[in-house]
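As structure tokens, the structure follows; a few thoughts come after it.
The figures that follow rest on heavy atoms only: side chains count, while hydrogens, waters and symmetry mates do not. In what follows, chains carry the letters A, B, and so on, assigned in the order in which the sequence lines appear, proteins first and then strands, with residues in each chain numbered from 1.
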Number of protein chains: 2
Amino acid sequence: MKTLRPTSFDVAERAGVSQSTVSRALRSSPGVNAETRARVAQAAAELGYVVDRHASSLRLKSSETIALVTICRPGEDRSAINPFYFALLGSIAAATSARGFNLLVSFQESEANFRADFVRSGLADAMIVIGTTSNRAAWDYFAAAQASGHDFTCWGSPGGDFHWMRSDNEVGGRLAADHLVATGRRRLAFVGPQRSPQRQFDERRDGFTAALAAHGLAPVLAEPPPAEDRHAQGIAAARALLAAHPDIEGIFAASDMLALGVLQGIKDMGRSVPGDVALIGFDGIRAGTLADPALTTIEPDLDAAGEALVAMALEDDAHARDGTRIPVRLAVRGTA
Amino acid sequence: MKTLRPTSFDVAERAGVSQSTVSRALRSSPGVNAETRARVAQAAAELGYVVDRHASSLRLKSSETIALVTICRPGEDRSAINPFYFALLGSIAAATSARGFNLLVSFQESEANFRADFVRSGLADAMIVIGTTSNRAAWDYFAAAQASGHDFTCWGSPGGDFHWMRSDNEVGGRLAADHLVATGRRRLAFVGPQRSPQRQFDERRDGFTAALAAHGLAPVLAEPPPAEDRHAQGIAAARALLAAHPDIEGIFAASDMLALGVLQGIKDMGRSVPGDVALIGFDGIRAGTLADPALTTIEPDLDAAGEALVAMALEDDAHARDGTRIPVRLAVRGTA
DNA sequence: CTGAAAGCGCTTACAG
DNA sequence: CTGAAAGCGCTTACAG
């Protein structure tokens with residue numbers, strides 16, 4: 001029942017001008033008589049005319065869209081994706097939309113749906129890759145894709161020689177250390193992957209350790225045991241940590257999902273938070289504010305992250321070069 | 001530094017065939033010699049050739065993409081979007097990708113970025129609209145858009161005469177009631193909007209009420225007071241409810257975000273969960289599993305929801321007609 | 001300031 | 001089974 005979509009020729013006929021004039025008027029090209037322009041706009045509105053983006057993009061060789069791929073864990077249920085990536089997706093969408101661009105999203109997890117040709121097929125002008133760094137096959141695929149000319153920008157430098165953007169992790173680690181020390185905690189621990197291929201967790205740990213060293217302190221470093229997901233890892237890590245070091249007074253967890261598990265683990269061990277043990281996470285995910293008590297965390301400026309990723313992918317911002325850092329802040333809530 | 005993207009003419013030259021043959025071979029049209037097809041595929045691979053989607057879509061008049069718009073609260077931070085919608089977005093992405101379609105996403109909140117012309121501009125073959133029902137201006141805009149011929153399918157029937165798909169809310173309400181009664185609770189309450197323009201919350205309440213009536217019981221109906229978001233509403237609602245009805249033994253909240261607030265509110269009143277008060281939510285969001293205790297909830301089958309929304313939007317499933325219900329199940333966790 | 005025409009890179013009906 | 005050619009709906013250099 002769909003009526004044939006009107007073309008610029010239909011608008012031209014109705015406005016009594018040529019098709020070229022319709023195109024110029026609608027793109028607000030300079031040098032179109034104001035009255036003509038109004039007549040065209042009028043006719044277009046009456047017909048419900050909208051420019052065909054395929055014809056337009058084909059001609060202009062630009063689609064004004066960004067492709068965003070989110071790497072998932074293999075077999076992972078979509079609702080189990082780390083909420084941090086959904087929040088990042090939202091901020092990328094905002095930055096994209098602010099430029100009048102469209103956003104194409106793709107969740108990828110295995111050979112069955114790996115894809116990196118969004119730019120080459122003309123579908124997008126640039127590609128951004130975010131998501132879990134634990135999917136080795138996915139990152140190998142994207143490393144190979146880059147080698148064969150598919151360019152992209154990613155979040156968090158998951159190994160490889162990628163263009164990346166990430167939080168100011170070191171400063172975040174320092175903020176966590178300083179806050180814990182300022183509130184009187186001395187026996188501290190860092191819970192996070194110690195041998196991750198990516199640098200993010202290392203940076204958080206190093207910033208934490210360096211700031212503590214300035215106070216003559218050294219944290220216990222706890223590697224979370226393998227488990228179903230970050231949350232489960234956090235629970236197990238906290239239990240083991242408190243069993244081995246009953247005197248721990250403060251914990252800095254490498255991410256909020258891990259921290260939420262640690263929170264549960266601390267409670268499981270019969271300790272109170274923040275009374276017995278203070279806790280600080282990293283990411284600023286919404287679920288942290290819903291925890292009991294609400295999670296104190298290091299929060300990256302997500303709006304800045306979305307904008308910087310898009311700018312860098314589009315290469316239209318000389319300042320958004322490799323290694324730019326997204327500012328973070330300490331969000332003091334209930335756990336520390 | 002980007003080399004000119006190769007076209008089908010380049011592939012044709014390299015394979016020693018005509019451009020039309022390249023197109024046929026790559027689209028696996030019938031009636032192409034196997035050996036020719038292999039030679040073309042070979043040449044395409046060597047050149048890193050990928051079909052230009054704009055040229056292809058222009059010709060085929062189909063883009064094989066779905067547009068998904070998510071309505072946000074005005075002024076809402078992207079990370080504050082109800083996680084249920086992110087999960088739904090993920091399942092829609094999965095259903096879309098399973099068909100080899102692309103997904104274009106757009107978060108909209110105010111006049112500044114309302115847009116409904118994805119199909120008319122050729123960018124997408126169909127449009128799905130999800131998100132908060134509390135943004136009146138947005139739904140007025142989409143009602144007007146529909147009136148002027150922009151068709152779409154939405155989640156939850158937010159008023160208007162839309163094509164919609166929603167959970168089997170009544171059954172969900174019944175499951176909650178039966179579980180609460182089966183575990184010995186008699187003094188029960190429903191916490192949720194009573195005068196919402198949309199029917200979803202009413203259906204959950206009605207199912208709950210009807211099932212209780214069969215046991216000769218009637219719930220207290222508590223309208224959450226206005227507050228910043230659903231979570232804050234839940235906290236306030238639980239406090240007021242328990243102050244007015246100290247003998248309440250079980251609560252069914254209209255959504256998980258509300259339930260998470262109710263959980264906090266119950267604790268604030270010095271009651272234990274589920275010891276003193278049992279609690280059941282609705283939606284099955286991830287944050288519920290992170291609560292302490294983990295939230296018992298009514299969980300819609302999101303995979304089915306994504307698939308049904310896409311099928312209905314594409315009108316390629318005779319069974320996915322208006323009014324189809326997505327099955328729900330009771331997920332028993334810690335709060336009831 | 002406006003119009004006629006070429007061309008973006010495909011797909012497919014029409015010949016052979 | 002394969003090729004030459006038309007045409008999808010735009011944008012813009014070229015004339016006027």
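Note on ring orientation: taking the six-membered ring where Trp is involved, the planes of A/Phe162 and A/Phe152 are tilted (angle from 30° to 60°). Between A/Phe84 and A/Trp155, the two ring planes are tilted [angle within 30° to 60°].
If you take atom C1' in C/dG16 and the same atom in C/dT12, they sit 16 Å apart, rounded to whole Å.
Residue B/Leu123 contributes atom CG, which lies 20 Å from atom P of D/dC8 at whole-angstrom precision.
Side chain to side chain, A/Thr21 and A/Ser18 meet the donor-acceptor criterion of an N or O pair below 3.5 Å. Using modelled atom types and a 3.5 Å distance limit, the side chains of A/Ser91 and A/Asp303 yield no donor-acceptor pair.
In this structure, B/Thr36 reaches the sugar-phosphate backbone alone: every heavy-atom distance under 4.0 Å involves primed, P, OP1 or OP2 atoms, never a base.
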task = Sugar-phosphate atoms are those with a prime plus P, OP1 and OP2; base atoms are the rest. Using that split, label each nucleotide of nucleotides 9-16 of chain C B, S or - for protein heavy atoms under 4.0 Å, 5' to 3'.
result = BBBBB---
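Under the Watson-Crick and G-U wobble criteria, each requiring two contacts below 3.5 Å, nucleotide C/dA15 is paired to D/dT2.
More than 12 heavy atoms of other shown residues, nucleotides or ligands fall within 6.0 angstrom of atom CD in B/Gln19.
For residues 128-145 of chain A, the set of pairs meeting the side chain to side chain donor-acceptor pair (under 3.5 Å) definition, not counting sequence neighbours, comprises A/Thr132-A/Ser134, A/Thr133-A/Gln198.
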